[in-house]
Asker: 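I'd like to ask you about the structure that follows.
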Amino acid sequence: MSTDKAATDLPRPSLAETVARRIEARIAEDALALGHRLGTRDSLRREFDVAAATLNEAVRLLTSRGTISVRPGVKGGIFVASPPPLVRLGRKMLELSGDSVSVSDCLVMRDALEPLLVREAMRHRTEADIADLRRLAEAMAVAVESDAQDGVGYLAANWALHRRIAEITPNKVLQHTYISLLEFVENRLRGVTSNEPSTRYVDGPAVHKELVEAIAGDVPDRLDAAVAAHAALTATRGGGT
């Protein structure tokens with residue numbers, strides 16, 4: 001059986017697993033600390049619009065993974081016990097060397113992962129994914145035109161697009177590693193790019209729109225060409241591709 005065929009034969013996650021993953025994603029994206037109160041079973045059930053049995057199963061899954069803890073009583077509820085394992089891996093990767101981790105090193109690794117990431121995006125994208133990517137690519141074009149003095153808006157839209165591409169892959173190791181690198185670069189560059197004129201990024205929107213359309217299509221050669229154009233842009237623009 002081919003790798004592609006095996007991937008399509010994988011069972012879809014249960015609704016409880018989907019809810020569990022959404023809770024894990026919130027903990028990761030909001031960097032919620034140990035002990036943060038996520039809510040009660042009833043409030044989370046209403047938020048995710050699922051049956052009590054489904055929410056209870058999601059809670060059981062997350063408890064077994066050590067991601068959440070459940071406390072009884074008036075002030076009880078569901079609390080963060082620890083970030084998901086892959087999130088801890090990504091954070092640890094960037095914390096090991098402290099300040100010795102450079103933006104350029106992270107960019108090298110991020111750029112090495114991008115061809116794999118966009119191929120995964122082409123294989124697994126849905127219509128909703130493509131609609132989001134097109135919206136974010138258009139936001140980049142609008143930002144270039146509207147940022148009168150700097151490229152801050154463009155960079156924010158740029159990073160949002162790349163993060164959304166990463167979210168498409170079901171390969172969580174790839175996803176969390178890439179997003180960890182992206183967030184490290186974003187945090188390091190935020191505040192030091194505000195004096196860059198937005199015109200510096202004038203060629204970026206077209207390159208990213210083509211990348212999105214290549215992901216939306218089914219032509220590997222077109223995707224390869226879009227990735228090459230994006231890599232060339234990265235070489236000249238650094239973190240603000």
Side-chain angles (χ1 to χ4, degrees), residues 21-22 24-33 67 82-125 129 132-133 136-137 139-140 143 151-194 196 200-201 204-205 207-212 214-215 223-224 226-241:
R21 291 179 185 180
R22 289 176 65 186
E24 287 179 329
R26 176 189 301 174
I27 295 171
E29 291 167 5
D30 295 345
L32 300 181
T67 304
S82 68
L86 284 174
V87 175
R88 296 199 301 271
L89 172 65
R91 290 177 181 173
K92 188 64 176 177
M93 178 182 66
L94 295 180
E95 290 171 357
L96 283 174
S97 300
D99 291 338
S100 67
V101 176
S102 69
V103 169
S104 61
D105 286 346
C106 286
L107 287 174
V108 168
M109 290 302 299
R110 185 202 66 176
D111 294 348
L113 291 176
E114 280 194 336
L116 174 60
L117 193 75
V118 296
R119 284 196 295 271
E120 283 280 283
M122 174 187 270
R123 288 178 58 202
H124 298 286
R125 81 285 189 274
D129 293 327
D132 281 349
L133 296 183
L136 291 167
M140 291 175 63
V152 172
Y154 172 86
L155 291 175
N158 179 303
W159 291 323
L161 174 63
H162 286 81
R163 185 176 289 103
R164 185 65 181 83
I165 292 173
E167 290 171 354
I168 296 174
T169 178
N171 185 329
K172 295 303 179 183
V173 174
L174 173 61
Q175 181 186 111
H176 283 289
T177 301
Y178 181 88
I179 290 177
S180 293
L181 292 165
L182 183 68
E183 290 178 347
F184 181 87
V185 172
E186 182 179 357
N187 289 335
R188 283 293 181 91
L189 294 184
R190 184 182 287 116
V192 300
T193 55
S194 58
E196 294 286 355
R200 178 177 187 249
Y201 306 108
V207 171
H208 286 85
K209 282 185 178 180
E210 173 57 20
L211 182 65
V212 168
I215 291 171
L223 186 67
D224 290 344
V227 170
H230 183 261
L233 191 66
T234 301
T236 60
R237 295 292 183 264
T241 61

Asker: Ignoring hydrogens, what is the shortest heavy-atom contact between L223 and V118? Give both atom names and the distance.
Answerer: CD2-O, 3.9 Å

Asker: What do you reckon, is CE of M122 surrounded by more than 12 foreign heavy atoms closer than 6.0 Å?
Answerer: yes

Asker: Testing the basics here: between A160 and L136, what is the closest heavy-atom pair and its distance to 0.1 Å?
Answerer: O-CD1, 3.8 Å

Asker: Work out which heavy atom in T177 is nearest to a heavy atom in V173; give both atom names and the distance.
Answerer: OG1-O, 2.7 Å

Asker: With sequence neighbours excluded, what pairs up with L116 under the side-chain contact (heavy atoms from CB on, under 4.5 Å) test?
Answerer: R119, E120, L174

Asker: Verify, without hydrogens or angle tests, whether R125 (side chain) and I168 (backbone) share a donor-acceptor contact under 3.5 angstrom.
Answerer: no

Asker: Evaluate the side-chain contact (heavy atoms from CB on, under 4.5 Å) criterion for residues Y178 and E114: first the C-alpha distance (whole Å), next the side-chain angles of each, then the deciding distance (0.1 Å), finally the verdict.
Answerer: CA-CA 8 Å; Y178 181 88; E114 280 194 336; 2.6 Å; yes

Asker: What's the spacing between I215 CD1 and I165 CD1 if we round to 0.5 Å?
Answerer: 4.0 Å

Asker: Quick one: closest heavy-atom pair of Y154 and G204, and the distance?
Answerer: OH-CA, 3.4 Å

Asker: How long is the straight-line distance from CG of L117 back to CD of Q175, given to the nearest 0.5 Å?
Answerer: 8.5 Å

Asker: With under 30° as parallel and over 60° as perpendicular, where do the rings of H162 and H230 fit, or are they tilted in between?
Answerer: tilted

Asker: NE2 of H176 to OG1 of T169: how many Å apart, nearest 0.5 Å?
Answerer: 10.5 Å

Asker: Go through the structure and list residues passing salt bridge (charged side-chain N to carboxylate O under 4.0 Å, His left out) with D129, not counting sequence neighbours.
Answerer: R164

Asker: Where is the tightest heavy-atom contact between P115 and V227, given as atom of each residue plus distance?
Answerer: CG-CG1, 4.0 Å

Asker: Between atom CG of D111 and atom CG of L181, what is the distance when rounded to the nearest 0.5 Å?
Answerer: 10.0 Å

Asker: When rounded to the nearest 0.5 angstrom, what is the spacing between CG in L133 and CD in E167?
Answerer: 9.5 Å

Asker: Return the set of residues passing side-chain hydrogen bond (donor to acceptor under 3.5 Å, both in side chains) with E210 (not counting sequence neighbours), or none when no residue passes.
Answerer: R222

Asker: What's the spacing between L161 CG and R163 CZ if we round to 0.5 Å?
Answerer: 10.5 Å

